[in-house]
Structure formats: C-alpha cells, structure tokens
Novice: 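I'd like to ask you about the structure that follows.
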Amino acid sequence: MEEEKILGAEALRRGRPVKEKEKLSCSINLKLTEEDYKSLKEMAESIGMKVTQYAREMTLKGRIKARYTKEELDLRRKIAGMANNLNQIARKANTEGYEKAASEAEYLLSYIKYLLDDR
C-alpha cells in the first residue's frame with residue numbers, strides 16, 4: 001500500500017509502458033555512386049525496408065534484423081493452427097481413449113513434417 005502512495009499514478013497503470021517515439025530531427029547527407037545506391041536499394045527491398053530506414057539501421061546498429069516473409073508468416077500461422085488441433089486431439093485422447101485419436105494425430109504429424117521439410 002505504501003508503494004502505491006510513493007509511486008502515485010504510475011502504480012495504477014498496468015501493462016507495458018508507452019514507448020516514447022523520438023522525432024527524427026537531424027539529418028546526414030550521404031553521396032553514393034549510382035552503383036552503390038542500386039546495391040543499397042536492392043538490399044533494402046529484399047527485406048522489405050525503405051532505403052533510408054535500411055541505412056539508418058545499418059549506421060546505428062551495424063546489422064539488420066530481417067522481417068518474416070509472407071511465406072514464413074503463413075507457415076507459422078499453419079503450424080499454430082495445427083498445434084491447436086493437436087492439443088484438442090490430446091484432450092480427446094485423454095477422455096475417450098488413445099486409439100480413437102491415433103489416426104488423426106498421425107495425419108497431423110505427417111502434415112507438419114511435410115510443411116517443415118518443404119522449406
């Protein structure tokens with residue numbers, strides 16, 4: 001109770017703190033050859049970033065954390081759905097017996113293996 005009095009309103013807030021977004025107010029002019037610019041643009045586009053965003057990340061961090069591709073996101077979504085199905089099968093197997101759920105489980109496992117090996 002004393003902590004709440006000390007912290008005031010901050011103690012009442014729950015969840016992740018709001019991240020303050022700093023305004024980008026300073027700039028650097030960078031001259032590149034046409035070839036260097038094309039190369040930079042290709043690298044940025046390959047991971048779905050704008051050139052300036054890519055250059056900023058490389059300048060400040062020295063590396064870029066690539067975003068998931070649409071295919072990777074689709075694969076993750078499918079695996080999550082199948083994990084949900086597998087949980088339901090496990091529940092069913094625990095209540096109704098393992099033999100009834102075995103064929104459905106085998107099918108899902110083979111499909112998961114297919115999706116992971118297909119990459």
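Keep in mind that the numbers below use all heavy atoms, side chains included, and drop hydrogens, waters and symmetry copies.
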Novice: Hey, could you give me the CD/NZ distance between Q88 and K92, rounded to the nearest 0.5 Å?
Specialist: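 Between atom CD of Q88 and atom NZ of K92 there are 9.5 Å.
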Novice: Checking side-chain contact (heavy atoms from CB on, under 4.5 Å) for the pair K50/Y54: CA distance, chi angles, key distance, verdict?
Specialist: CA-CA 6 Å; K50 293 181 180 177; Y54 182 86; over 6 Å; no
Novice: Return the CG to CD1 distance between L75 and I112, rounded to the nearest 0.5 Å.
Specialist: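 Rounded to the nearest 0.5 Å, the CG-CD1 separation comes to 10.5 Å.
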Novice: Test side-chain contact (heavy atoms from CB on, under 4.5 Å) on R56 and T59 and set out the steps.
Specialist: CA-CA 5 Å; R56 186 181 309 113; T59 303; 5.8 Å; no
Novice: Begin from the C-alpha positions of E57 and M49 and carry the test side-chain contact (heavy atoms from CB on, under 4.5 Å) through to its verdict.
Specialist: CA-CA 10 Å; E57 290 283 320; M49 294 179 92; 3.8 Å; yes
Novice: Any side-chain donor-acceptor pair under 3.5 Å between S39 and D36?
Specialist: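 On atom types as modelled, these side chains do not qualify, holding no pair under 3.5 Å.
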Novice: Following the transitive rule for hydrophobic clusters with a side-chain heavy-atom cut-off under 4.5 Å over Ile, Leu, Val, Met, Phe, Trp and Tyr, establish whether L24 and L60 coincide in one cluster.
Specialist: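 Per the 4.5 Å side-chain linkage, L24 and L60 are not co-clustered.
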Novice: Can any side-chain N or O of N94 pair as donor or acceptor with the backbone N or O of A90 at less than 3.5 Å?
Specialist: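 Yes, the answer is positive, given that a donor and an acceptor are paired below the 3.5 Å cut-off.
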Novice: Mind checking whether D74 and K78 have side chains closer than 4.5 Å, heavy atoms only?
Specialist: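 Answer yes - side chains close enough.
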Novice: Counting heavy atoms not belonging to I28, are there more than 12 under 6.0 Å from its CD1?
Specialist: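 Not buried by this count: 12 neighbours or fewer within 6.0 Å.
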Novice: Is L116 reachable from Y111 through a run of hydrophobic residues whose side-chain heavy atoms are each under 4.5 Å from the next?
Specialist: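 Looking at the clustering, L116 is in the same group as Y111.
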Novice: Can you confirm whether L73 sits close enough to K70 that some side-chain heavy atom of one is under 4.5 Å from a side-chain heavy atom of the other?
Specialist: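 A side-chain contact is absent here, since even the closest heavy-atom pair is not under 4.5 Å.
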Novice: If hydrophobic clusters are built from ILVMFWY residues whose side chains come within less than 4.5 Å, do V51 and L32 share one?
Specialist: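 Per the 4.5 Å side-chain linkage, V51 and L32 are co-clustered.
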Novice: Test side-chain contact (heavy atoms from CB on, under 4.5 Å) on T33 and Y37; report intermediate values, then the result.
Specialist: CA-CA 6 Å; T33 64; Y37 179 76; over 6 Å; no
Novice: Would you say M82 and L109 are hydrophobically clustered, going by side-chain heavy atoms of ILVMFWY under 4.5 Å?
Specialist: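 They do not share one cluster, since no chain of ILVMFWY contacts under 4.5 Å joins M82 to L109.
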Novice: Identify the two heavy atoms, one from L86 and one from L108, that lie closest to each other, and give their separation to 0.1 Å.
Specialist: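 Looks like N-CD1, 4.1 Å.
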